[in-house]
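What follows is a set of notes on a single structure, which appears directly below.
Along the sequence shown, the residues carry numbers beginning at 1.
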Amino acid sequence: MKCLLVEDDQALARELSQALRDGDWLVEHAANGQEADFLVRTEAYDTLILDVGLPDGDGTRWLSAWREDGIDLPVLILTARERWADKAAGFTAGADDYVTKPFESAEVLFRLRALVRRSHGHAHPVLKVGELSLDTHTQHVTLAGRPVGLTAQETRLLGYLMHAAPRVVSRTELSEHVYDRDHEPDSNVIDVQVSRLRRKLGSWRIATLRGQGYRLLAEEPATE
């Protein structure tokens, strides 16, 4: 999953970015609202962390403008403001959750995972597609109750397919959400990683729809 962190405190941004990467997130950073505005309109993200006290305008004003323009990715507000009126302003602008400083990085991670799950229609922290399960907190994958050893990149790829299931996911969407913008893969790299997942999980579990993309299946298709 890919997160945009909008925070002007460079030390805090570095600390939180590292915590997110340690939690298997892809992270991009914007230090002000204008930079964030450009990124949310040109790049694809699964969630956004937004500091309210930005140098070029209150974060809630930027958020309100994004919502008015139909940008609906989940947003977690991060701020030192603790008054209820400030929290109400954030939610009114379109925030999905709110964390006050100081905070534990683990809390931010838990809240982000919950936001992404809910945005895909999942309430439980363990995603299940047939006999395949992924614990979104630990990133542990099991198949019929048995652990499956996956690389970090394979886990990110599988996790995105599981969040999206049963929807078809295009190669472009996978490239935008599962891979770092500075190291976007060509289609052959994605094909190779899908092939590795098929070997570990069963070849039928990830179906290829020609010209459309991939779909994660809960049951093996009946053979004629």
Side-chain angles (χ1 to χ4, degrees), residues 1-33 36-37 39-40 43-54 58-64 66-67 71-128 133-141 152 155-156 158-165 176-178 180:
M1 295 293 173
K2 185 179 290 186
C3 174
L4 176 61
L5 171 60
V6 187
E7 170 61 64
D8 64 318
D9 184 325
Q10 294 296 323
L12 178 58
R14 285 193 297 270
E15 178 183 346
L16 189 52
S17 293
Q18 188 58 54
L20 289 165
R21 293 188 181 98
D22 290 344
D24 210 26
W25 284 79
L26 299 176
V27 186
E28 294 183 0
H29 172 236
N32 55 63
D37 185 63
L39 289 172
V40 298
E43 301 294 333
Y45 299 98
D46 297 289
T47 188
L48 185 150
I49 300 175
L50 178 63
D51 183 27
V52 170
L54 297 174
D58 193 289
T60 57
R61 293 207 300 270
W62 288 105
L63 175 56
S64 181
W66 297 333
R67 293 308 196 214
I71 298 172
D72 59 358
L73 78 167
V75 173
L76 172 67
I77 281 185
L78 194 66
T79 179
R81 302 175 187 177
E82 297 182 349
R83 296 185 309 160
W84 165 243
D86 293 317
K87 294 181 180 181
F91 286 120
T92 300
D96 299 279
D97 204 351
Y98 201 108
V99 174
T100 56
K101 303 173 185 177
F103 57 85
E104 294 291 336
S105 296
E107 179 184 0
V108 175
L109 288 169
F110 277 117
R111 289 179 181 272
L112 284 182
R113 292 176 185 131
L115 287 179
V116 171
R117 287 199 313 271
R118 290 198 295 267
S119 72
H120 287 274
H122 303 289
H124 200 281
V126 177
L127 305 180
K128 294 185 178 182
S133 297
L134 168 65
D135 188 320
T136 59
H137 293 322
T138 65
Q139 301 300 299
H140 290 165
V141 176
T155 302
R156 281 194 290 269
L158 177 63
Y160 195 84
L161 291 172
M162 293 186 74
H163 275 92
E176 290 175 339
H177 290 266
V178 179
D180 190 282

Indicate yes or no for a side-chain donor-acceptor contact from D46 to the backbone of K2 under 3.5 Å, with no hydrogens or angles considered.
yes
Does the side-chain contact (heavy atoms from CB on, under 4.5 Å) test come out yes or no for F103 and L12, once each step is laid out?
CA-CA 11 Å; F103 57 85; L12 178 58; 3.8 Å; yes
What's the spacing between R156 CZ and M1 CE if we round to 0.5 Å?
11.5 Å
Check: E176 and E43 side chains under 4.5 Å, non-hydrogen atoms
no
Hey, could you give me the CG/OG distance between L26 and S17, rounded to the nearest 0.5 Å?
11.5 Å
Begin from the C-alpha positions of L20 and L112 and carry the test side-chain contact (heavy atoms from CB on, under 4.5 Å) through to its verdict.
CA-CA 10 Å; L20 289 165; L112 284 182; 3.5 Å; yes
S119 (side chain) donor-acceptor with V116 (main chain) under 3.5 angstrom:
yes
Applying side-chain contact (heavy atoms from CB on, under 4.5 Å) to L73 and L4, what does each step give before you reach the verdict?
CA-CA 10 Å; L73 78 167; L4 176 61; 5.9 Å; no
Give the minimum heavy-atom separation between H137 and P125, together with the two atoms involved.
NE2-CB, 3.5 Å
Trace of the side-chain contact (heavy atoms from CB on, under 4.5 Å) decision for W25 with L109:
CA-CA 9 Å; W25 284 79; L109 288 169; 3.9 Å; yes
Give the minimum heavy-atom separation between A13 and L5, together with the two atoms involved.
O-CD2, 3.7 Å
At what distance, to the nearest 0.5 angstrom, does CZ of R117 lie from CE of M162?
12.5 Å
Using a 4.5 Å cut-off on heavy atoms from C-beta on, say whether the side chain of V40 contacts that of V6.
no
Is the backbone N or O of H122 less than 3.5 Å from a side-chain atom of H120, with the two atoms forming a donor-acceptor pair by type?
no
What are the two closest non-hydrogen atoms of A30 and L39, and how far apart are they?
CB-CD1, 4.2 Å
Decide yes or no for Q10 and H29: does some side-chain heavy atom of the first lie under 4.5 Å from some side-chain heavy atom of the second?
yes
To the nearest 0.5 angstrom, please state how far the CG atom of L48 sits from the CD1 atom of I77.
10.0 Å
Kindly indicate whether the side chain of L78, heavy atoms from C-beta on, has any atom under 4.5 Å from the side chain of V99.
yes
Which residue pairs pass the salt bridge (charged side-chain N to carboxylate O under 4.0 Å, His left out) test when at least one of the two sits in residues 91-108, sequence neighbours left out?
E7-K101, D51-K101, R67-D96, D97-R111, E107-R111
Heavy-atom pair of closest approach, residues G90 and L63:
O-CD2, 4.1 Å
Looking only at heavy atoms, what is the nearest atom pair of L16 and S105, with distance?
CD1-OG, 4.3 Å
Please answer whether the main-chain N or O of P74 pairs with a side-chain N or O of T47 as donor and acceptor at a distance below 3.5 Å.
yes
Rounded distance [0.5 Å steps], CG in L158 versus NE2 in H163:
10.5 Å
To the nearest 0.5 Å, what is the distance between OG1 on T136 and CG on D24?
12.0 Å
Which atoms form the tightest heavy-atom contact between N32 and L54, and what is the distance?
C-CD1, 4.3 Å
SB check D86 R83 (cutoff 4.0 Å):
yes
